[in-house]
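Data first, discussion second: the structure below is written as structure tokens.
Worth knowing before you read on, the calculation uses all heavy atoms, side chains too, and leaves out hydrogens, waters and symmetry mates. For ligands, and for the atoms within them, numbers begin at 1 and follow the listed sequence.
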Amino acid sequence: MSRVFNFSAGPAVLPEAVLAQAQQELTDWQGTGMSVMEMSHRSKAFTSIAEQAEADLRGLLSIPDNYKVLFLQGGASSQFSMVPMNLLHGKGKADYVNTGDWSRKAIAEVRRYADINVVASAEDNHFTDIPDFAEWRCDPDAAYLHYTPNETIRGVEFGWIPETGDVPLVADMSSTLLSRPLDVSRFGLIYAGAQKNIGPAGLTIVIVRDDLIGHSEFGTPTMFNYAVHAKAGSMYDTPPTYSWYMAGLVFKWLKEQGGLSAIAERNQRKANKLYQAIDLSDFYSNPVCRDCRSWMNVPFVLADASRDQQFLTEAEAAGLFTLKGHRDVGGMRASIYNAMPEEGVDALIDFMHQFEA
Ligand code: PMP
């Protein structure tokens, strides 16, 4: 079977060139006579793979030297606990912004550890916009402020970075990291599950400013302590070696595409044309306010929901897969991460026109 256009929210499409290289190297990585999957994480070969991946990621994002990059397991969901365990610094309170389902999950988890101040919430607007920053009720003494720059389920994305002064800014960038250039120095900590723009599931990237680690709460499990992983170069235990290698291939591919400015231009073009197709039609709609619309996850509903299943079935017949919206929202969702070629978005738009007709 030839490759389809896969609009999955994650695990998501990977660049075909990356898959081809992984296939070619699968049983014998560069003359070592073994697969990366079979290598000791402490071997010379894997160390070189790991170091190159980190160097390429640092290059792509221009990560300053005073930030550690960690390659962990546990998914972004583990970070919902790991962040407070390491960053509360004995203060017992933190600020959180609620812009959707993933914010809510982070907030529910942190309530086990701290007094949470929800500084702003879009819940009353059914998570279709981002509360005006002027109205956020931030606590200048909070241990940190946490937000979700891109809400994967409802497709709500910040086009700006909150200014929190001395309060470290923490961001769950699972579905937006590497989609555009980023000023890492504005953040105390960034985390992301890999399975969208980075690589296969099983790897979680954490980028954290040096001075914030090493002050974990009493009782923090060793595996949940950033300082332990930082000191061990993310090899305190066995890291997700194959996902790390695959992420490295994705970083190389991104560099070949011209880096994050070039990929951002393409992402914006892809998203713009899809939103335009939705907005120009009476049959499709997207409720998110225009300046908060995600470049990565584009949900839309049909005017006649009884046609949803027919839409999905016919889309698959046209080679367009995994367009079903999240179970909490319904309708459709097209995730158009970095590796979704522009032709995939064009094919989706053509299909939408035909279906509507
Ligand atoms: N945060 C966001 C924004 C996500 O999109 C997801 C996964 N879809 C998660 C957190 C949870 O990630 P994981 O499955 O890696 O724990």
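When hydrogens are left out, the protein atom nearest atom 1 (N) of ligand 1 is D172 OD2, 2.6 Å; that is the closest non-hydrogen contact. Atom 3 (C) of ligand 1 has as its closest protein heavy atom T152 OG1, 3.3 Å. Among all non-hydrogen protein atoms, the one lying nearest atom 16 (O) of ligand 1 is S77 OG, 2.6 Å.
Ring geometry, H146 versus Y191: the interplanar angle falls from 30° to 60°, so the pair is classed tilted. The aromatic rings of W102 and F80 sit tilted relative to each other, their planes meeting at an angle between 30° and 60°. Between F355 and F311, the angle of the ring planes goes over 60°, which puts this pair in the perpendicular group of the 30/60° scheme. By the 30° and 60° cut-offs, the orientation of the rings of F7 relative to F5 is tilted.
Close contacts between ligand 1 and K196 involve ligand atoms 5 (O), 7 (C), 8 (N) [criterion: under 4.0 Å to a heavy atom]. Which parts of ligand 1 touch G75 is read off a 4.0 Å heavy-atom cut-off, strictly below it: atoms 15 (O), 16 (O). Counting atoms of ligand 1 from 1 in the listed order, those under 4.0 Å from a heavy atom of S174 are 1 (N), 2 (C), 3 (C), 4 (C), 10 (C).
Checked by distance only, ligand 1 and T148 stay at 3.5 Å or farther apart across all their nitrogen or oxygen atoms.
Hydrophobic clustering places Y67 together with L178 (ILVMFWY residues linked when any side-chain heavy atoms are closer than 4.5 Å, directly or through intermediates).
Other residues, nucleotides and ligands contribute only 12 or fewer heavy atoms inside 6.0 Å of the NE2 atom of H126.
Looking at Q195 against ligand 1, only its side chain comes within 4.0 Å, counting heavy atoms. When non-hydrogen atoms are compared, ligand 1 lies under 4.0 Å from the backbone of A76 as well as from its side chain.
Taken to the nearest 0.5 Å, the CD atom of E342 stands 7.5 Å off from the NZ atom of K270.
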